[in-house]
Amino acid sequence: MEHKQLISLVIPCYNEQDALPVVYRTICGVAAGMRNQDFEFIFVDDGSTDGTLELLHEYRKNSRVRYLSFSRNFGKEAAVLAGMRYAKGDYLVVMDADMQDPPSFISQMYTFLRENTDYDCVAARRTTRRGEPLLRSFCAHCFYRFINKISKTEIADGARDFRCMTRKMVDAILSLREYNRFSKGIFGWVGFKTKWLEYENVERAAGKTKWSFLKLLLYSMDGIIAFSTVPLTVASVVGLICCFLAVVLAVVFTVKTLILGDPVAGFPTLICVILLVGGVQIFSTGILGQYLAKTYLEVKHRPVYLIRETEKSKNYSTPQKGDCPVCPDQRSDQSATEENRP
Ligand code: UDP
Ligand code: MG
C-alpha cells in the first residue's frame, strides 16, 4: 500500500498571539479536509515576547504540532530555515502566521504537485498590494525592477514566501549554507520548475506587521548584496569615468592657460572637483564595506539561530486522539510522522 504523504507546514511566528489562533483553527480545518495526507504543523517561535509560546504549549496537545522556540528574535529568515530543517515531510509548505497566506491554497498546491511531477514548487504571488501604504508598494516595485536588472537570479515581483515544495527542492535549499539568507533570492537561485498562483492581497487577520520601512530597506539591501555584485562594478566604472574626466579637464585647462593665456578661476573649480571625487570615493568605499561586512559575517560561521526549547525538550505526555478540541481527528501518536522521514 502506498504510504500517506506527509505535508509539513512551516509557520514562523513572532508576537503572533492575536492571529495565531485563527491560523491554527484554519490549518486544522485544511488538514481535516485532506484525509489522504498526513500533516505536521511546525511552528517556529522567533523569540516572541507575547503569549505566542504559551499558545504553542497549548497546541502541543495535537500530535500534529511540533515547535521550536528561539533564544531571542533572529528574524523571519532564520525561523523559516529552522522550520525547514526540522520538517520531515515529503512536501513542505512555508506560510505566515497572520492569514495573509490563505491556507485554503494548500490543497490546490499539493494536488498540482502530485499531478504534475515535472514541477517542484507552487508559489503564491500577489497581484495587488491593496491595503499597504502607497510609498511601501512603490518602493517594493522599484526594488524588484532594480534587482532583476542587476541580478541573474529572477526574483518575482509580488512573490510571497508562501509556497509548497517537494522534498527535492527543500533539500536543495537546505544545501545552501549561507548565513545571510534572502529567501526570495534563494528560491529563485535553486531553480526547479515553479507554478505561480496569483491572488489579491489579503490583510492580516490580527496584530501588526513586523516590518518597518527601515527594516524593509535594509532587507532589500541585503538582497542586492546577496544576489548581485553589480554595485561593485558600478563603483569601479564611476571611478574610471572620474579619472577620464580629470584627464580631459587637465588638458582643457592647460591649453586654455598656455595657448589662450586665459587664467582659470581656481577656487570654485577646485572645490567642485574635490567634493565630487571625495563623494564618489566615499560612496565606493561604502559599497565595498557592505560586501566586506557580509563576508565578515559569513566567515564567522555563527549559527543562524539558537533554539531554547522544542516540543521534545518539554516533558509532555504523549498526545492522544481527541486531546485537542480544535483538531479532534488528529493522529493518536507521533509514529506516523517518524515513519515518514525520507
Ligand atoms: N516574523 C518572524 N520573525 C520576525 C518578523 C516576522 O518570524 O522577526 C514572522 C511573522 O510572525 C509572520 C511572518 O514572519 O508570520 C511575516 O511577518 P509580517 O506579517 O510582519 O510581514 P509582512 O506580511 O507585513 O511582510
Ligand atoms: Mg504578514
Side-chain angles (χ1 to χ4, degrees), residues 8-27 41-56 59 67-87 92-103 105-106 123-141 143-144 155-163 180-187 199-220 222-223 304-309:
S8 307
L9 301 191
V10 170
I11 306 171
C13 314
Y14 178 49
N15 292 345
E16 296 288 4
Q17 66 174 16
D18 297 327
L20 205 53
V22 188
V23 174
Y24 179 60
R25 257 198 319 275
T26 316
I27 57 177
F41 306 151
I42 299 185
F43 294 99
V44 185
D45 165 37
D46 184 12
S48 299
T49 49
D50 65 353
T52 301
L53 187 57
E54 283 68 44
L55 282 175
L56 298 185
Y59 299 160
Y67 72 84
L68 298 168
S69 178
F70 287 173
S71 60
R72 65 167 170 85
N73 178 245
F74 282 89
K76 182 184 173 186
E77 293 290 350
V80 170
L81 175 68
M84 287 178 86
R85 284 183 179 160
Y86 206 49
L92 186 144
V93 177
V94 178
M95 60 180 287
D96 288 357
D98 58 3
M99 295 297 284
Q100 283 197 282
D101 297 335
F105 281 17
I106 293 171
R125 175 155 62 188
R126 290 185 295 190
T127 49
T128 63
R129 288 178 175 267
R130 208 184 40 204
E132 248 186 32
L134 277 181
L135 180 67
R136 188 169 154 165
S137 305
F138 174 74
C139 292
H141 279 306
F143 165 71
Y144 283 110
I155 301 170
D157 189 0
R160 306 269 309 165
D161 292 339
F162 181 33
R163 55 191 64 218
N180 297 291
R181 300 187 78 86
F182 182 70
S183 286
K184 288 183 174 53
I186 290 177
F187 291 140
Y199 73 107
E200 293 212 347
N201 191 32
V202 183
E203 290 192 39
R204 270 185 160 270
K208 279 200 300 230
T209 176
K210 313 297 175 311
W211 297 88
S212 64
F213 190 77
L214 182 68
K215 256 184 155 181
L216 277 176
L217 192 73
L218 294 176
Y219 183 61
S220 58
D222 280 352
V304 179
Y305 53 83
L306 291 171
I307 295 169
R308 200 182 69 84
E309 180 187 320

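The analysis underlying the following values was restricted to heavy atoms, covering all of them including side chains, and did not include hydrogens, waters or symmetry mates. First listed ligand is number 1; within each ligand, the first listed atom is number 1.
Here the rule is side chain to side chain contact (heavy atoms under 4.5 Å, CB included) with Met84, and of Leu92, Val44, Ile42 only Leu92 fits it. Checking each of Val23, Val94, Val93 against Leu9 for a side chain to side chain contact (heavy atoms under 4.5 Å, CB included) leaves exactly one that passes, namely Val93. Each of Arg181, Arg126, Lys184 was compared with Asp161 under the salt bridge (Lys or Arg N to Asp or Glu O under 4.0 Å) criterion, and only Lys184 meets it.
Judged by a 6.0 Å distance limit and a 45° cone about the ring axis, Arg72 is positioned over the six-membered ring of Phe74.
Protein heavy atom nearest atom 6 (C) of ligand 1, with residue, atom name and distance: Lys210 CG, 3.7 Å. For atom 14 (O) of ligand 1, the closest non-hydrogen atom on the protein side is Lys76 CD, 3.2 Å. Scanning the protein heavy atoms around atom 16 (C) of ligand 1, the nearest turns out to be Asp96 OD2, 3.2 Å. Of the protein's non-hydrogen atoms, Trp211 CD1, 2.9 Å is the one closest to atom 21 (O) of ligand 1. Here the protein heavy atom with the shortest distance to atom 1 (N) of ligand 1 is Tyr14 CB, 3.8 Å. For atom 23 (O) of ligand 1, the closest non-hydrogen atom on the protein side is Gln100 OE1, 2.8 Å.
Here the NZ-OH distance, from Lys76 to Tyr219, works out to 7.0 Å after rounding to the nearest 0.5 Å. Taking CG of Asp101 as the reference point, atom CD1 of Ile11 lies at 9.5 Å (rounded to 0.5 Å).
In the vicinity of Asp46, heavy-atom distances shorter than 4.0 Å reach the ligand 1 atoms 2 (C), 3 (N), 4 (C), 7 (O), 8 (O). Distances below 4.0 Å separate heavy atoms of Pro12 from the following atoms of ligand 1: 7 (O), 9 (C), 10 (C), 11 (O), 12 (C), 15 (O). Per-residue contacts place Cys13 under 4.0 angstrom from the following atoms of ligand 1 (heavy atoms of the residue considered): 7 (O), 11 (O). Close approach to Arg204 involves these atoms of ligand 1, each under 4.0 Å from a residue heavy atom: 18 (P), 19 (O), 20 (O). Less than 4.0 angstrom separates some heavy atom of Glu16 from each of these atoms of ligand 1: 10 (C), 11 (O), 12 (C), 15 (O).
Considering only non-hydrogen atoms, atom 8 (O) of ligand 1 lies nearest to Asn73 out of Val44, Asp45, Thr209, Asn73.
Atom CG of Leu134 sits in a sparse spot, with 12 or fewer heavy atoms from other residues, nucleotides or ligands closer than 6.0 Å.
Side chain of Ser220 to backbone of Leu216: a donor-acceptor contact under 3.5 angstrom is found. Between the side chain of Glu77 and the main chain of Ser183, a donor-acceptor pair closer than 3.5 Å is present. Under the 3.5 Å distance criterion, the side-chain polar atoms of Asn15 are matched with a main-chain donor or acceptor of Thr49.
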Exercise. Between Phe105 and Tyr199, does a ring-ring contact (aromatic ring centres under 6.0 Å, His included) hold up when you go through it step by step?
Worked result: CA-CA 10 Å; Phe105 281 17; Tyr199 73 107; 5.5 Å; yes
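Geometrically, ligand 1 and Ala79 share no nitrogen or oxygen pair separated by less than 3.5 Å. Polar contact check, Asp98 against ligand 1: a nitrogen or oxygen pair lies under 3.5 Å apart.
Residue contacts to the Mg ion (ligand 2): Thr209 brings no N, O or S atom closer than 2.8 Å.
The closest approach between a heavy atom of Arg136 and any atom of ligand 1 is below 4.0 Å.
Looking at Asp98, its N, O or S atom nearest to the Mg ion (ligand 2) turns out to be OD2.
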